[in-house]
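The block underneath contains the structure these notes are about, expressed in structure tokens.
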Amino acid sequence: MGRLFDGPWPIVIIIVVALLLFAAPKLPGMARSLGQSMRIIKSEVKEMKNDGKPETTDSSGPVEGTIVNHPKAQPGEPTDGTDVPPSTRA
């Protein structure tokens, strides 16, 4: 009988069974809070990695400049710089 606690596995099994018996109703809430904590830690680590890097500009964003008239503007279409699709398109 003295060999019950010789290795770590019997102790681990006893702890798991005790957790399931006494903390079963609280396990979903604990898992949810653990997941939220992991997400927060990941985002903080990502922000720490990006702190020293300069912010890059994305070329797909809006571009400031002047509005020019459409090069193939036909008579009767507005020439105030708004781009209206031709009336021949479906």
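Values below: every heavy atom of this structure, side chains too, minus hydrogens, waters and symmetry copies.
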Would you tabulate the side-chain donor-acceptor contacts of residues 31-44 under 3.5 Å, counting partners in other chains and residues two or more places apart, or write 'none'?
{"from": "Ser33", "atom 1": "OG", "to": "Gly29", "atom 2": "O", "distance (Å)": "3.4"}
{"from": "Ser33", "atom 1": "OG", "to": "Met30", "atom 2": "O", "distance (Å)": "2.9"}
{"from": "Ser37", "atom 1": "OG", "to": "Ser33", "atom 2": "O", "distance (Å)": "2.8"}
{"from": "Ser43", "atom 1": "OG", "to": "Arg39", "atom 2": "O", "distance (Å)": "3.4"}
{"from": "Ser43", "atom 1": "OG", "to": "Ile40", "atom 2": "O", "distance (Å)": "2.9"}

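Partners of Ile14 by side-chain contact (heavy atoms from CB on, under 4.5 Å), not counting sequence neighbours, listed by chain and number: Phe5. Every residue meeting the side-chain contact (heavy atoms from CB on, under 4.5 Å) condition with Leu20, not counting sequence neighbours, appears here in chain and number order: Val16, Leu27.
Under a hydrophobic clustering in which Ile, Leu, Val, Met, Phe, Trp and Tyr are joined whenever their side-chain heavy atoms come within less than 4.5 Å, directly or via other members, Trp9 and Val17 fall into different clusters.
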